[in-house]
Every structure is written in C-alpha cells, then in structure tokens.
Amino acid sequence: MSDYTKKIMVTGGAGFIGSHVVRLFVNKYPSYLILNVDALTYAGNLENLRDVENLRNYQFERADITDGEALSVLFEKYGIDSVIHLAAESHVDRSILDPLAFARTNVLGTANLLQACLNQWKADFSLKRFYHVSTDEVYGSLGKNGLFTEETSYDPRSPYSASKASSDHFVMAYYHTYDLPVVMSNCSNNYGSHHFPEKLIPLMINNIKNSKPLPVYGKGENIRDWLWVNDHARAIDVIFHNGISGQKYNIGGFNEWKNLDLVYLLCSIMDKKLGREPGESAKLINFVKDRPGHDLRYAIDATRLNKELGWEPSLQFEEGLEKTVDWYLQNEEWVNHVTSGDYQKYYENQYAKR
Ligand code: NAD
Ligand code: DAU
C-alpha cells in the first residue's frame, strides 16, 4: 500500500456516476490507490467496472456507509487519506415511497463518513481531503427565470433533496467546527452510459426500444439542465485536485430542456437508429399523473468552476444523447440484467396506477 501517492476511498463507485469517477481516476492516476466502497444496493452494479476491475490500483470492498465500524476498519486497512463521497439513495420517486431509507444513507451515512475521517486522521489534516458530491436539487425549484449560484439559499422540497441538503450541512459543519478539509460540488442532471433505467433518459430509451408507453409526468413542462456524466467526472477530478477547502462549486452544462422536448428528441434519434418511420416512437408518449411536489425547473450557473478552475463541458447534448442511445443499444445484456427481478416490481408499483 505504501507506494501509492494517494489512497482514495470512493463511496458509491458501483453506481452510475461513481463508476465513471472510478474509471477516470484508476486510468488517469496509476500512482493512486482507488478503493471503491459500495453496499451494492439495487443501484450498485460491479458490471459497470469490468474494464478496470483487474487493474493493480483498483480495490473493491462491499460495505454500508451507515456502518461506522466497517468504515473505520477500511480506513485503517488501506491507510485512506482522501474520500470522494458519492454513495446515496438517488431517485426522487423512491424517496417519496420510502423517505427514511434516504435519511439513513444520505444523512447518517454521510455523518458516519465525516466522523470516520475525524477519528482516523486525528487532526493531522495535511494532504487529506473529503469531497462531497451533491446535487442542484438542494436549491429547490426555479421559476421561468434565474439560475442557481453557489450563494442560492437551500430550499429542498422532496425527501431526496432534503436528505442531500442535510448531508451538505453536515459537511460544512465539520469544516467550520473541526477544520476538516472538505470540498463540495452540486451538479445538475447527468446522463450517459450505465444509468439505471428508473431515471428519465434510460427509462425512455428502454421503453422506446421495447415499444412500451413513455410515461411523461404531468404535461412534460418541467425543465432539467443536462450534463454528460463523463463531464461531471472530469469536473470532480478538477475540483478534487484544485478546489479550495470549505468551498462549493456548482456543475452544469448550461443545457436546459423541457421534459417533453427531450422525449421527442430521443424518439427521433431512436426512430433513425431502429429504422422506424419518423414520428413512430413519439406515438408511445403517454401523459401520466404528476410526481408529488414536482420541482418545475433546475438550472445551474457553473461560472465559478469555469472561471476559477477552467472546467467546461466537452460535449454538445445531441451528440452525447446519440452516444448514450448507442451504448444502450449495444449493451442489451447489461440492460437485461438490471431490469430483471426487482426492477419489474418497482416499475409495476410506480407506473401501474398512474
Ligand atoms: P446511483 O443510485 O446510480 O448510485 C448510488 C450508489 O451508491 C450505488 O452503487 C449504491 O449501491 C451505493 N449505495 C447506496 N446506498 C449505500 C450505502 N448505504 N452504503 C454504501 N453504498 C451505498 O446514484 P448516482 O446517480 O450515480 O449518484 C451518485 C451521487 O451523485 C449521489 O450522491 C447523488 O446524490 C449525486 N448526484 C447525482 C446526479 C444525477 O443526475 N444522477 C446529479 C447530481 C448529483
Ligand atoms: O438534478 C440532479 C438530480 O437529477 C439528481 O440529484 C438525482 O439523483 C437524479 O435522479 C435527478 O433527479 P430528477 O428527479 O431530476 O431526475 P429523473 O430522471 O427522475 O426525472 C427527470 C425529469 O423527468 C423530472 O422532471 C421527472 C420527469 N420524469 C421522470 C421519470 C422517471 C417523467 O416525466 N417520467 C418518468 O418516468
């Protein structure tokens, strides 16, 4: 272990964004040890990391971040000096069904990790870093105008965003109270490969492919700001290395889409890929009962990250969406694995009565 220049625990590395972060770090920094710590919930999938799992500087440990004792053991075993924390319950609709699961993992789990850092690093914080990956949803819902900046007040409105907001507050509390060297980012909606098909884009791709109804909540007028997941991972790399302790950075693509327009765009991309007549897939669009407390609009001002750390998105949305559709069409086996079993029950429960 001692020949590594950094020993980083990445929590939630088997999930969607976490697997992209692990892949980037393991490949780009052979002198870093990357320890993926994941409980492998329904959203965690080691198949996401097949291409790096045999690399020397990658390790996996199955552990639950709500188990403080297990975290301490891993800190000691690997001599962890940095944490990139992504593990979370991440789906808003599930948070409406089971809010306490979100309080446990997102609030208690984050507090446990912070406490493990404090206990293990024993006030010697040189070359240490705790990076908390958070969301734009903590800022609440925008009207037609304006953008979320780092100074926007928190106003979470779903159990998911309330749990993430709470975790953000714990992170800042450890910075102010104990001088723990933390850094945090709040990102907009991600899309890309390995995205679990409970979320809008992969769910729609899967349903279009299988000619199933496309459940658009309400009138499809809600707006999200979409960023390619690889660009989020690049931002995390930049902030991890160059971000200022105690600072937060918004990450977003300046790329707002109304849900309905996005679903139409996906339909037209997939009509071409699947050799369907133009307009054929859009006939599957089905307006269903709205999500309770559905936030109208998210939009991120990522100026600080651009001006201070030089990051910008690398890909236009249409190109990224096409790459994403191609990945799903070429990775049927992955899709079949994650949509078997419990996914069917979740889907029935979530959409049958809408
Ligand atoms: P995901 O649901 O795909 O992955 C979450 C991962 O965390 C899974 O591998 C799961 O097994 C693991 N996990 C869950 N509970 C755990 C526990 N108790 N202990 C250990 N591991 C556990 O989520 P994602 O979309 O990749 O999001 C990752 C992070 O990024 C989250 O913190 C989320 O709030 C944040 N985020 C997501 C988005 C987005 O658009 N998906 C945008 C901004 C921020
Ligand atoms: O903004 C960042 C957040 O983006 C992350 O913090 C969350 O982890 C991530 O899940 C995502 O939250 P959203 O609720 O915005 O994403 P979701 O894909 O669930 O929904 C996107 C939009 O599409 C939202 O307005 C609800 C709508 N929707 C979603 C689903 C699943 C539908 O119309 N139909 C659907 O079936």
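In each ligand, atom 1 is the first atom listed, and ligand 1 is the first ligand listed. We're numbering straight along the sequence, starting at 1.
Every atom of ligand 2 is numbered from 1 in the order shown, and the set under 4.0 Å from a heavy atom of V216 is 33 (O). Using a 4.0 Å cut-off to heavy atoms of H91, the atoms of ligand 2 that qualify are 19 (O).
Sparse packing is recorded around CZ of F170, with 12 or fewer heavy atoms of other residues, nucleotides or ligands lying under 6.0 Å away.
Classified by interplanar angle (parallel below 30°, tilted 30° to 60°, perpendicular above 60°), the ring pair F240/F25 is perpendicular.
Looking at ligand 1, you'll find an N or O of Y160 within less than 3.5 Å of one of its N or O atoms. Backbone and side-chain nitrogen or oxygen atoms of R224 are examined, and one is located within less than 3.5 angstrom of a nitrogen or oxygen of ligand 2. Considering backbone and side-chain N/O of L200, one or more are found under 3.5 Å from N/O of ligand 2. At least one N or O atom of F16, backbone or side chain, sits closer than 3.5 Å to an N or O atom of ligand 1. Residue N45 has no N or O atom closer than 3.5 Å to an N or O atom of ligand 1. Note: an N/O pair closer than 3.5 Å links T135 and ligand 2 by distance alone. Polar contact check, S90 against ligand 2: a nitrogen or oxygen pair lies under 3.5 Å apart. The shortest N/O to N/O separation between D64 and ligand 1 falls below 3.5 Å. Note: no N/O pair closer than 3.5 Å links N189 and ligand 1 by distance alone.
Looking only at protein heavy atoms, the nearest one to atom 4 (O) of ligand 2 is N189 ND2, 3.0 Å. At the shortest separation from atom 33 (O) of ligand 2 among protein heavy atoms lies Y217 N, 2.9 Å. With hydrogens left out, the protein atom closest to atom 34 (N) of ligand 2 is P215 O, 2.8 Å, a heavy atom. Given atom 27 (C) of ligand 2, the protein heavy atom at minimum distance is N259 ND2, 3.4 Å. If you check which protein heavy atom lies closest to atom 1 (O) of ligand 2, you get D136 OD1, 2.5 Å. Protein heavy atom in closest approach to atom 12 (O) of ligand 2: E137 OE2, 2.8 Å. Looking at atom 36 (O) of ligand 2, its nearest protein heavy atom turns out to be Y351 OH, 2.6 Å.
Using a non-hydrogen distance threshold of 4.0 Å, E198 registers as a contact of ligand 2. At least one heavy atom of H294 sits less than 4.0 Å from an atom of ligand 2.
The heavy atom nearest to atom 28 (C) of ligand 1, considering only V229, L86, L200, is found in L86. Across the listed options I236, D67, V133, V133 owns the non-hydrogen atom lying nearest to atom 30 (O) of ligand 1. In the candidate list I17, T11, T135, I17 is nearest to atom 38 (C) of ligand 1, counting heavy atoms. The heavy atom nearest to atom 19 (O) of ligand 2, out of those in H195, K199, Q350, R291, is found in R291.
Ring to ring, Y298 and Y139 are not that close: their centroids are 6.0 angstrom or more apart. If you look at H20 and H232, their ring centroids are not closer than 6.0 Å.
The cationic atom of R94 (NZ for Lys, CZ for Arg) lies less than 6.0 Å from the six-membered ring centre of Y346 and within 45° of the ring axis.
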